[in-house]
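To find a chain, count down the sequence lines: A is the first, B the second, and so on, and within it residues start at 1. Below, each value reflects all heavy atoms present in this structure, side chains not excepted, and no hydrogens, waters or symmetry copies.
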Amino acid sequence: MAFISSGYNPDKPMENRITDIGPQKYDKFYPPVIAKNKGKWLYHEIIKPGVLVHVAESGDECYTVRVGGARLMTVTHIREICEIADKHCDGHLRFTTRNNIEFMVDSKDKVEPLIQDLESRKFEGGSYKFPVGGTGAGVTNIIHTQGWIHCHTPATDASGPVKATMDVLFDDFKDHRLPAQLRVSLACCLNMCGAVHCSDIAILGYHRKPPLLDHEYLDKMCEIPLAIAACPTAAIKPAKVKFGEAELKSVAVNNDRCMFCGNCYTMCPSMPLADQEGDGIVIMVGGKVSNRISTPKFSKVVVAFIPNEPPRWESTTACIKKIVEAYSAGANKYERVGDWAERIGWERFFDKTELEFTHHLIDDFRDPAYYTWRQSTQFKF
Amino acid sequence: MAFISSGYNPDKPMENRITDIGPQKYDKFYPPVIAKNKGKWLYHEIIKPGVLVHVAESGDECYTVRVGGARLMTVTHIREICEIADKHCDGHLRFTTRNNIEFMVDSKDKVEPLIQDLESRKFEGGSYKFPVGGTGAGVTNIIHTQGWIHCHTPATDASGPVKATMDVLFDDFKDHRLPAQLRVSLACCLNMCGAVHCSDIAILGYHRKPPLLDHEYLDKMCEIPLAIAACPTAAIKPAKVKFGEAELKSVAVNNDRCMFCGNCYTMCPSMPLADQEGDGIVIMVGGKVSNRISTPKFSKVVVAFIPNEPPRWESTTACIKKIVEAYSAGANKYERVGDWAERIGWERFFDKTELEFTHHLIDDFRDPAYYTWRQSTQFKF
Amino acid sequence: MAKHATPLLDQLESGPWPSFVSDLKQEAASRAKNEKNVEFQVPQDCVEDLLGVLELSYKHGVTHWKHGGIVGVFGYGGGVIGRYCDQPETFPGVAHFHTMRINQPGAKYYTTEFLKKLCDLWEFRGSGVTNMHGSTGDIIFIGTSTPQLEEIFYELTHNFNQDLGGSGSNLRTPSDCIGSSRCEYSCYDTQAICYALTQEYQDELHRPAFPYKFKFKFDGCPNCCVASIARADISFVGTWKDDIKIDQEAVAGYVGGEFAPNGGAHSGRDWGKFDIDKEVCDLCPTKCMKYEGGKLLINNKECTRCMHCINVMPRALHIGDDRGCSMLVGAKAPILDGAQMGSLLVPFIKVEEPYDEIKEVIEAIWDWWMEEGKNRERLGELIKRQGFQKLLEMTNIKPVPQHVQEPRHNPYIFWKEDEVGGWDRDINEFREKHQR
Amino acid sequence: MAKHATPLLDQLESGPWPSFVSDLKQEAASRAKNEKNVEFQVPQDCVEDLLGVLELSYKHGVTHWKHGGIVGVFGYGGGVIGRYCDQPETFPGVAHFHTMRINQPGAKYYTTEFLKKLCDLWEFRGSGVTNMHGSTGDIIFIGTSTPQLEEIFYELTHNFNQDLGGSGSNLRTPSDCIGSSRCEYSCYDTQAICYALTQEYQDELHRPAFPYKFKFKFDGCPNCCVASIARADISFVGTWKDDIKIDQEAVAGYVGGEFAPNGGAHSGRDWGKFDIDKEVCDLCPTKCMKYEGGKLLINNKECTRCMHCINVMPRALHIGDDRGCSMLVGAKAPILDGAQMGSLLVPFIKVEEPYDEIKEVIEAIWDWWMEEGKNRERLGELIKRQGFQKLLEMTNIKPVPQHVQEPRHNPYIFWKEDEVGGWDRDINEFREKHQR
Ligand code: SRM
Ligand code: SRM
Ligand code: SRM
Ligand code: SRM
Ligand code: SF4
Ligand code: SF4
Ligand code: SF4
Ligand code: SF4
Ligand code: SF4
Ligand code: SF4
Ligand code: SF4
Ligand code: SF4
């Protein structure tokens, strides 16, 4: 593996250096029908799950076929996407904000061949490469994060639970039977890289054991004051620790104050939290982002803990399926999960979903907790 | 003025001492119709403002005539009340939870003579002694506190502003024209002796200057650590102060952190807050206590400050009148002030009432403040 | 002739609403005349001086009362609020002017006999000025001197069979709405339990053993006429578990216009013909009602017993028969940490003598609060500080979704060690699998 | 033959949803084969090792990645996330496995030409594994070694006319919804402003001068398809000031069943005949609509532009013509102080080149945050700590009721000295009127 230079000269890093040029300009990539009709679209229609048409003032039409997929994708896969776009779409495509791929064509007759091509492609293992769907009152792709594939702080994997969940929800990716759109998101730790805190269903990786302390290295590898300052509950204090003969500067953690957020570990690698038994998944429900009808909402914790069950996270997916079915059966048309739960009352939500209510679900984080308790005699038995 | 003993012997305080006997037993005071039909009432009706009838399973009826008044009342006045009750009600009466007086009779023909008697009585100054009203969708008596008549911490008077306000709202005390009941309350300081924080309209006395420090006496009269601990914003610190030659133990107040709550003064008389220019009234709106339709609500600050204007507090009463009229004009039947404001949006509330929105009305007290800002694009221009 | 000119206060004599100034003046005049030859035990002109000092406050825009200091009756920690004037030379009649709190009778029913006796006592040994009633519920006697306190207490206990109310860091005088004595909505006998608990907890009422004040209030139904939910450390609010009783004929009476909606509470304006859909079904917060084919249907399982429909049609709808109350905890005024309304702790409990189940909850709460509460920390603040979970744990109440309006939206769950199979782990074991 | 057995991961190859395991395996195989004879600059078997280390995590239930340390390209404070494996002996191919963030094009439109070129570069100098796209919006190249960082950067800037995205304590890669390029709801050109501000603030993007990260997101309308309101320090959400445009004929088309409601989004179930009252007017949050006499009426003054009616009848209703955006500030994930959604700061602002008015707001916010923000304090947390008032003051924006959902319910107003005529008072003067 011989090193091949790009032209960059490490001895003169500033030579020919180009910086601050930003991204490519968006309009270089517009398909012609988009470039022509931008700002002049009249209306759209979802012809069937995964297939949209947008109609412009000019009468032009843009047909979009949306396909799902793992956003963790290799260049081999991207090249296949390009091959399809070259074949059907004059070399244009886009990705959505939820990691779906959109193939656009400018006339109706190009739609079916495109779909057939897409649906015909499968991985060797048997899964679809390009399932069409993800529109309207259904389930779309799961926004997610890195998990065990790349990050150092996760309490669960990302790609695995996502694959397992989408397998279970696959029919709803390809259907419009739900009362409204249902967005599932996953974040593998509390940092919540994504809008997981405002999702109809959020899958959240959570630690449950306080950090281990690698005293021997703590002072060497970490800035102790930063680790101390990072803790939102002030659970960390400086401490001197006997280590063999030596007395080391280190920290002590008041475990009872720890809420397992991992902030200390972000600042200090000598305070790892991860633990097979401690780590797992929290299920949150009823968040939303859009301002439609009701204002945006945070998701609420409805299951405090499900253990990690690689590779298929059966308890997690079963729980999600139960929630989706209860929602589907109970909600009104146009009603998002959170609006449904609020209309029937959260006590009914737990009845309908058959989830157990435990003390963990009662807020005890700082002053605002009070506002989530029930200051009323209005409740259902 | 010769001292007359009751029989109590200060040298032997325990002699014949009776303690822990509690109040009189309630049923000793029930009028016969109440005693007989207790627990068996079928329904009620408000025949006209101030006059109720309750009908029992037995067919018995209890007619109640409610009259308003200053709850600050003298024995001369109480004797007059008794005289009326003796004349019309066989020596029975009660007070309501909002300091109105209720005269009960057991047949319809006793009602009109009673009312006539009540309405005919006036004080020399010209005001009614026993105005009939305070029921239904109108204004009832103002719950209030001590003010300048007896308390040491008030930022406004109580009886005066109440009299002035009730004069202005008098017609609504005697009418049922409002969309729902409208409860006005007054508390003369932040201690809020009453349910002022959950009133349709709350009149609240508020200081706006940090405590004066009577260094010379502070250490002598107060326990400095208690004063320091009392401050919710940690604005008070111990301090040494030069006083003439001597150096005294005292405190220093970080004025910028002070929110004028008066807690320090409660603990320490050497830290008075009261000030003619600083003190005045805050108007809060839209609270409620009942669980009817909507759950109970806190009142919201809509006017940050009105100066004290004894004896008639014209700006305060004008402001309240404006709110009542806007509410009366705008709300739906059965809609409380707070429900109305929420339905039309608080931005419209300020339009309709022509009150000015100032930065003081934006919450900045601790974490929950955030939840009162607008996390949505839903608003009205 | 008045002792002090009161030009500002005089302006409060006009206007229709009963004038407290006129009343004070009549009292001052009555004391000056003293037709009954009362041997006043506090200055005869104290009401004059009260008017005088109040007038001065109207001029200065600030109070002229000082801190109370500790006065009271022997062996009691409450019932008296000490008060001194900061201008004693000018207003000697009110130089010492303490208030006494007298525990009011249930629902504030009185006989004139009792009231008149009280008046005599208070005219004789105090200023003759009262509050009927204080915000907590007591009869307030405003203005007497320290030596009179024991005298009044002696007379009350010996001749009136009547005790003082609460103040200080103890149980405050419990109070109640009129309840079943005259209200068809009442789900339990508010007077009975209010009285029973007041008697049961006399020690807590009179002898401070608490970190701060503690209040009980008893509302017969969710209309909350004694505002318990806003201002009681424990609010008892009546409710029921079974179905609202419907008299369809009476419903028809309302629909037909025979009966005025809401018992005539809206008679002052023409709101148009009664519209049961718009005025009842659509306003039901749970939308569990339907008016169909001339019949009103309620899906009681979904009803949250808000009282609206019953309030609108009191002849047609009646509360259910399986009655009890909800207990909410922690309501308080804004000082220190912000106001609280009561938070639901016991969704439903029977209210039956001897109230043992209820007392168990109360006492478990007190045990916790007395153990953990800081000086001047209300129950609500302790719950906030240690968490609602802790409250449930200490009262041995199972968490149910009814406890929350919504589940937490932050996932910051404080797991306990025994819930997660222990926290002890060995860094060296960890490092075997995870290099630095 | 795979380098590492992956029995657990293999189970993720079945099921209908595209399998990332299958994809990684095909990449591993492709690299092993190397049909195009690429001179891989990172280990040829790195994807094998990636599968291996992931399998190990599946077995151990924990991650095997370590902290990143500071790696990057010269002069840039962001764009690269360092990453090392904690089992480098077993998985040497991923011992160093940094990610690079490449600033995606607006609305993520691509030509295959560009994409294919990127693939070639990344196959050659990296693992060939990507995320399309990261949560912030970037193209994520997962897995390369430190020496390759400058090489890739050089190639990107010289041959692709393409820069890195953000990471670290700086402006993060802004992103946008598809907007007016293909959406009839868009109230402004999201791509244009997203691009313009990205270019304008290159320095802020690449050179950390901030206390912490800072994000912009651009949504063309209140449907919020890029979720700006949940995850951008400044969310730009399109809106309009004038009236919703109504095509009554098209309304009739919906009512008559000619057009599917909501563009066919509910086609998977039989919801019955379209009912404009129930489905539109009754669900309007402000109840400002009426369908009367075959006409739809909107009281636009009361409309809060929630989009519902327009979403249901896209052929009949169209956004107004006086367009711009609302700016909301402070959204962030839960760490440290709890999650925030954006709070409305600028109710309405025009979105017009050169965006000067908007830049003024942005820069005023930054000035304040850079001055006052603590290390790792997001804007939202600063606003919480110093108060929304302070934000208004620093941005010179007049407080309006639109800023709040409701006014404060605590009366704890921090008055300033100059608002109350000064705080200096003399205790001796006070004592002249008020004795101790
Ligand atoms: C393509 C995409 C924008 C992009 O720039 O990539 C997009 C496109 C459209 N959105 Fe969206 N939305 C897209 C992400 C979102 C998101 C963001 C997210 O989920 O992370 C939201 C906010 C979700 C939330 O509230 O939690 C979003 C909330 C909406 C809504 C509001 C729905 C609601 O009931 O609250 C509408 C209105 C509607 O569906 O009628 C909408 C409507 C639309 C329309 C109909 C707009 C139009 O006229 O073209 C587009 C097709 C909708 C469909 O797929 O059914 N879009 N849309 C995104 C597709 C994501 C995907 O691959 O599935
Ligand atoms: C007499 C009194 C109880 C007592 O023990 O003294 C009482 C008596 C009744 N209340 Fe009340 N309420 C009384 C204070 C209250 C309070 C407490 C307060 O204001 O401090 C409330 C809570 C107020 C709040 O929510 O802020 C209260 C909220 C209600 C409601 C709920 C109204 C609503 O729209 O929210 C009803 C139902 C109704 O009016 O139909 C109600 C209904 C009633 C009924 C109709 C009950 C009955 O069947 O007898 C009584 C006559 C109502 C009337 O006056 O129009 N009562 N009522 C109190 C009279 C106070 C006064 O002198 O004006
Ligand atoms: C007399 C009364 C007001 C009235 O005019 O009716 C009253 C008067 C005082 N209250 Fe109160 N409170 C009175 C009912 C209340 C209520 C209402 C209630 O009980 O329903 C509240 C709100 C509910 C609550 O308890 O939170 C109330 C909340 C306070 C507070 C704030 C307590 C808190 O935790 O937030 C204080 C401050 C303190 O305790 O230091 C306070 C303190 C005081 C003091 C003792 C002033 C002090 O700091 O020493 C006042 C003596 C005034 C005087 O000179 O007579 N008073 N106080 C009420 C008692 C009469 C009675 O016994 O019937
Ligand atoms: C790659 C990405 C997740 C993904 O799989 O897509 C990501 C990955 C990381 N994020 Fe993130 N964040 C990513 C988008 C987000 C988002 C979503 C967004 O930007 O819309 C959020 C929530 C929104 C927000 O900013 O609040 C987010 C909130 C965080 C936080 C919490 C920040 C906070 O203020 O609450 C951290 C913790 C930190 O900064 O120390 C964090 C930290 C991290 C770090 C750097 C871990 C760390 O502590 O050092 C992760 C590196 C993972 C890795 O090994 O590759 N990441 N992070 C996303 C960036 C890709 C891109 O550039 O497109
Ligand atoms: S959510 Fe946590 S674990 Fe997952 S990618 Fe973000 S920082 Fe890493
Ligand atoms: S995990 Fe979070 S709460 Fe626990 S010690 Fe670390 S920083 Fe503090
Ligand atoms: S509200 Fe304040 S000033 Fe008024 S009586 Fe209560 S403690 Fe005194
Ligand atoms: S008035 Fe309140 S905030 Fe100000 S110093 Fe005193 S206790 Fe502190
Ligand atoms: S609270 Fe209920 S029971 Fe008590 S008086 Fe009011 S309406 Fe009647
Ligand atoms: S009591 Fe309230 S919730 Fe129950 S049916 Fe009547 S209106 Fe509906
Ligand atoms: S946010 Fe609005 S403008 Fe942007 S894509 Fe979504 S619907 Fe269209
Ligand atoms: S946009 Fe929303 S608020 Fe406005 S009219 Fe339509 S549904 Fe009503």
Side-chain angles (χ1 to χ4, degrees), chain B residues 6 8 13 18 20-24 26 29 34 38-39 41 43 45-46 69-72 74-78 82 85-86 91 94-95 97 123 125 127 136-137 148 152 154 159 163 166-167 170 175-177 192-195 197-198 232 269 274 276 289-293 296 308 310-311 333, chain C residues 8 11-13 15-20 22-23 26-27 30 57-58 61-63 65 67 74 103 105-106 108-109 112 116 119 123 128 131 135 150-151 154-155 157 163 180-181 184 191 198-199 202 222-224 226-227 230-231 263-269 271 307-308 314-315 333 336 339:
Chain B
S6 60
Y8 171 74
I18 300 177
D20 297 300
I21 55 174
Q24 290 277 333
Y26 52 93
F29 295 150
I34 296 290
K38 180 170 172 179
W41 296 102
Y43 65 88
E45 204 167 304
I46 316 180
R71 67 148 199 179
L72 180 78
T74 66
V75 294
T76 303
H77 194 63
I78 298 176
C82 291
D86 283 337
R94 74 175 287 266
F95 292 83
T97 61
F123 284 111
S127 65
W148 297 333
H152 64 300
S159 309
K163 160 74 173 145
M166 284 309 290
D167 278 344
F170 191 71
D175 200 355
H176 286 168
R177 64 145 188 158
M192 283 205 190
C193 300
H197 54 301
C198 298
Q276 183 154 28
V289 172
S290 88
N291 292 276
R292 180 181 190 168
I293 306 177
N308 280 322
K333 193 175 175 187
Chain C
L8 292 168
Q11 297 179 47
L12 286 171
E13 291 203 77
W17 187 252
S19 169
F20 69 100
S22 301
D23 188 13
Q26 77 176 0
E27 188 64 24
S30 151
S57 281
Y58 272 52
V62 291
T63 193
W65 299 103
H67 271 65
F74 186 80
N103 195 331
K108 304 188 185 99
Y109 284 100
T112 52
K116 284 186 278 194
C119 288
E123 182 175 41
N131 282 155
S135 290
E150 287 289 359
E151 304 298 326
Y154 192 95
E155 293 213 36
T157 48
D163 208 336
S180 46
S181 72
E184 70 271 28
Q191 274 110 74
T198 306
Q199 296 296 347
Q202 281 291 302
N223 281 333
C224 280
V226 76
R231 54 196 189 114
H266 296 265
S267 61
R269 193 193 296 196
W271 290 96
M307 296 297 297
H308 174 61
R315 287 175 191 243
L336 304 174

Identify which of [options] forms the greatest number of heavy-atom pairs closer than 4.5 Å to chain B.
options                                   : answer
Arg231(C), Glu123(C), Gln202(C)           : Gln202(C)
Ser22(C), Cys119(C), Cys224(C), Pro105(C) : Cys119(C)
Asn131(C), Leu8(C), Asn223(C), Asn103(C)  : Asn131(C)
Gly106(C), Ser30(C), Pro16(C)             : Pro16(C)
Thr63(C), Asp23(C), Val62(C), Val226(C)   : Asp23(C)
Glu150(C), Lys116(C), Gln11(C)            : Glu150(C)

Please classify the contact between [X] and chain B as side chain, backbone, both or neither, with a heavy-atom cut-off of under 4.5 Å.
X         : answer
Arg315(C) : both
Ser181(C) : both
Ser267(C) : both
Gln199(C) : side chain

Chain C contact via [X] - which portion, at a heavy-atom distance below 4.5 Å:
X         : value
Pro269(B) : both
His197(B) : side chain
Phe95(B)  : both

Which pair of non-hydrogen atoms, one from [X] and one from [Y], has the smallest distance, and what is that distance?
X         : Y         : value
Thr74(B)  : Gln26(C)  : OG1-NE2, 4.2 Å
Gly268(C) : Asp175(B) : CA-OD1, 3.5 Å
Ile18(B)  : Thr157(C) : O-CG2, 3.4 Å
Trp65(C)  : His152(B) : O-CB, 3.5 Å
Ser19(C)  : Ser127(B) : N-OG, 3.1 Å

Which value, rounded to the nearest 0.5 Å, describes the distance between His266(C) atom NE2 and His176(B) atom NE2?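 With rounding to 0.5 Å, NE2 (His266(C)) is 9.0 Å from NE2 (His176(B)).
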Taking the side chain as C-beta and beyond, is there a heavy-atom pair between [X] and [Y] under 4.5 Å?
X         : Y         : result
His308(C) : Arg292(B) : yes
Arg71(B)  : Ser135(C) : yes
Phe123(B) : Glu13(C)  : no

Judged by atom type as modelled, is there a donor-acceptor pair below 3.5 Å linking the side chain of [X] to the main-chain atoms of [Y]?
X         : Y         : answer
Asp163(C) : Asp20(B)  : yes
Glu27(C)  : Thr76(B)  : yes
Arg269(C) : Arg177(B) : yes
Glu151(C) : Ser6(B)   : yes

Among [options], who wins on heavy-atom pairs under 4.5 Å with chain C?
options                                   : result
Cys82(B), Pro310(B), Gly125(B)            : Cys82(B)
Ala85(B), Pro154(B), Pro13(B)             : Pro154(B)
Pro296(B), Gly69(B), Gly136(B)            : Gly69(B)
Gly194(B), Pro311(B), Ser290(B), Ala70(B) : Pro311(B)

